[in-house]
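Have a look at the structure below, then the notes.
Everything numeric in this text was worked out from a predicted model, so none of it was measured.
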Amino acid sequence: MRVMVGIDDSDASFYALQWTLDHLVSGNSNVINATNESSEETGMVTVAHVQQPFQHFLYPAGPGGVAGFYPTSAVVESVRKAQAETSSALLSRALKMCKDKMIKAETLILEGDPKDMICQATEQMHVDLLVIGSRGLGKIKRAFLGSVSDYCAHHAHCPILIVKPPKGQQ
């Protein structure tokens with residue numbers, strides 16, 4: 001069974017990863033390896049992170065936005081470097097969590113809209129289960145801001161598990 005966990009910098013996404021490691025791939029409840037003949041083999045989890053592409057459009061400057069500027073290539077490169085460092089730190093934290101549970105994990109960094117990229121990745125990689133954390137947005141905020149978990153629940157081509165944090169952590 002192939003499981004993908006989507007993470008970002010939120011506590012909810014890391015709670016979802018921890019829940020997955022505790023309930024789906026560790027100890028006696030090793031759902032991922034339910035079909036493997038050897039009980040010594042461990043499951044593999046794919047940890048995916050999607051970073052937003054840097055939009056280098058014309059930015060208004062000056063009083064009334066009369067003048068404008070395009071970011072220089074140094075600014076664009078600086079933003080990309082910062083994004084890479086952030087992604088690396090998030091995935092390092094996720095890999096450490098997997099290593100602590102002795103679970104093999106692979107990482108995946110995608111660029112684009114998280115909703116679309118996660119759904120595309122699950123289809124291309126033939127994922128059997130997608131696990132995503134829930135930030136606990138209310139109906140109004142979800143309607144205006146959108147929800148990655150809500151979108152994936154309706155558009156992913158595989159089963160999806162949305163993990164909500166305990167009441168005190170929302």
Side-chain angles (χ1 to χ4, degrees), residues 1-54 79-137 142 145-170:
M1 182 174 194
R2 189 169 190 130
V3 175
M4 177 184 286
V5 181
I7 64 165
D8 58 13
D9 60 349
S10 70
D11 290 337
S13 68
F14 280 96
Y15 179 80
L17 175 61
Q18 188 65 51
W19 190 95
T20 301
L21 297 175
D22 290 343
H23 294 91
L24 296 180
V25 294
S26 68
N28 297 331
S29 63
N30 196 341
V31 173
I32 289 180
N33 284 328
T35 58
N36 287 350
E37 294 175 12
S38 170
S39 61
E40 294 179 8
E41 294 180 21
T42 59
M44 171 104 82
V45 174
T46 301
V47 180
H49 173 66
V50 182
Q51 57 188 17
Q52 296 280 350
F54 179 64
V79 169
R80 287 197 176 133
K81 184 178 178 183
Q83 284 181 325
E85 288 173 1
T86 301
S87 296
S88 178
L90 290 172
L91 293 175
S92 293
R93 180 179 168 197
L95 286 174
K96 183 180 182 328
M97 291 171 66
C98 294
K99 185 179 178 184
D100 290 346
K101 293 282 188 176
M102 293 184 278
I103 304 295
K104 293 179 190 174
E106 64 181 356
T107 59
L108 182 63
I109 298 176
L110 305 165
E111 187 172 313
D113 182 24
K115 298 180 280 198
D116 294 325
M117 297 308 297
I118 289 173
C119 289
Q120 286 177 15
T122 58
E123 188 173 354
Q124 291 171 355
M125 296 177 67
H126 306 290
V127 171
D128 296 311
L129 178 65
L130 172 62
V131 181
I132 295 182
S134 172
R135 292 185 293 164
L137 295 177
R142 194 173 342 139
L145 299 175
S147 165
V148 173
S149 58
D150 187 54
Y151 182 90
C152 290
H154 291 93
H155 294 91
H157 294 285
C158 67
I160 177 170
L161 175 65
I162 300 172
V163 179
K164 294 176 87 172
K167 289 279 186 196
Q169 293 182 7
Q170 288 182 346

Open item on the list: Restricting to side-chain hydrogen bond (donor to acceptor under 3.5 Å, both in side chains), what partner residues turn up for Asp116, sequence neighbours left out?
Closed with: Tyr151

Task: Residues forming a side-chain hydrogen bond (donor to acceptor under 3.5 Å, both in side chains) with Thr122, sequence neighbours excluded - done: none

- [ ] Tell me, please, which residues at least two apart from Glu106 pass salt bridge (charged side-chain N to carboxylate O under 4.0 Å, His left out).
- [x] Arg2

Open item on the list: Holding to salt bridge (charged side-chain N to carboxylate O under 4.0 Å, His left out), I want the full list of residues that pass it with Lys96, two or more places apart in sequence or in another chain.
Closed with: Asp100

Contact summary for [X] and [Y], nearest pair of heavy atoms:
{"X": "Cys119", "Y": "Ala156", "result": "SG-N, 3.8 Å"}
{"X": "Ser149", "Y": "Gly133", "result": "CB-O, 4.2 Å"}
{"X": "Val127", "Y": "Leu130", "result": "CG1-N, 4.2 Å"}
{"X": "Cys152", "Y": "Lys115", "result": "SG-O, 4.1 Å"}
{"X": "Val148", "Y": "Pro114", "result": "CG2-CB, 4.1 Å"}

Exercise answer: donor-acceptor pairs, residues 47-54 side-chain atoms, under 3.5 Å, sequence neighbours excluded:
unit_1	atom_1	unit_2	atom_2	d
His49	ND1	Ile7	O	3.1
His49	NE2	Ser87	OG	3.4
Gln51	OE1	Ser87	OG	2.7

Task: side chain to side chain contact (heavy atoms under 4.5 Å, CB included) partners for Ser10, two or more places apart - done: Asp8, Ala12, Ser13

Task: Pairing residues for Ala82 by the side chain to side chain contact (heavy atoms under 4.5 Å, CB included) criterion, not counting sequence neighbours - done: none

Separation of [Y] [atom2] from [X] [atom1] (nearest 0.5 Å):
{"X": "Gln120", "Y": "Asp113", "atom1": "CD", "atom2": "CG", "answer": "9.5 Å"}
{"X": "Cys158", "Y": "Met125", "atom1": "SG", "atom2": "CE", "answer": "11.0 Å"}
{"X": "Asp150", "Y": "His155", "atom1": "CG", "atom2": "NE2", "answer": "9.0 Å"}
{"X": "Leu21", "Y": "Met97", "atom1": "CG", "atom2": "CE", "answer": "6.0 Å"}
{"X": "Ser92", "Y": "Lys99", "atom1": "OG", "atom2": "NZ", "answer": "11.0 Å"}
{"X": "Leu161", "Y": "Thr20", "atom1": "CG", "atom2": "OG1", "answer": "6.5 Å"}

TODO: Output all residues satisfying ring-ring contact (aromatic ring centres under 6.0 Å, His included) with Phe14, sequence neighbours left out; order by chain, then residue number.
DONE: none

- [ ] Check ring-ring contact (aromatic ring centres under 6.0 Å, His included) between His157 and all other residues, then give those that pass, not counting sequence neighbours.
- [x] none

Task: Ser88 side chain vs Ala84 backbone, donor-acceptor pair below 3.5 Å - done: no

Task: side chain to side chain contact (heavy atoms under 4.5 Å, CB included) evaluation trace for Val131 with Val3 - done: CA-CA 7 Å; Val131 181; Val3 175; 4.0 Å; yes

Open item on the list: Quick check: do Leu90 and Asp9 have side-chain heavy atoms less than 4.5 Å from each other?
Closed with: yes

Task: Side-chain heavy atoms of Leu129 within contact of Ile160, under 4.5 Å - done: no

Task: salt_bridge(Lys101, Asp22) N-O dist < 4.0 Å - done: yes

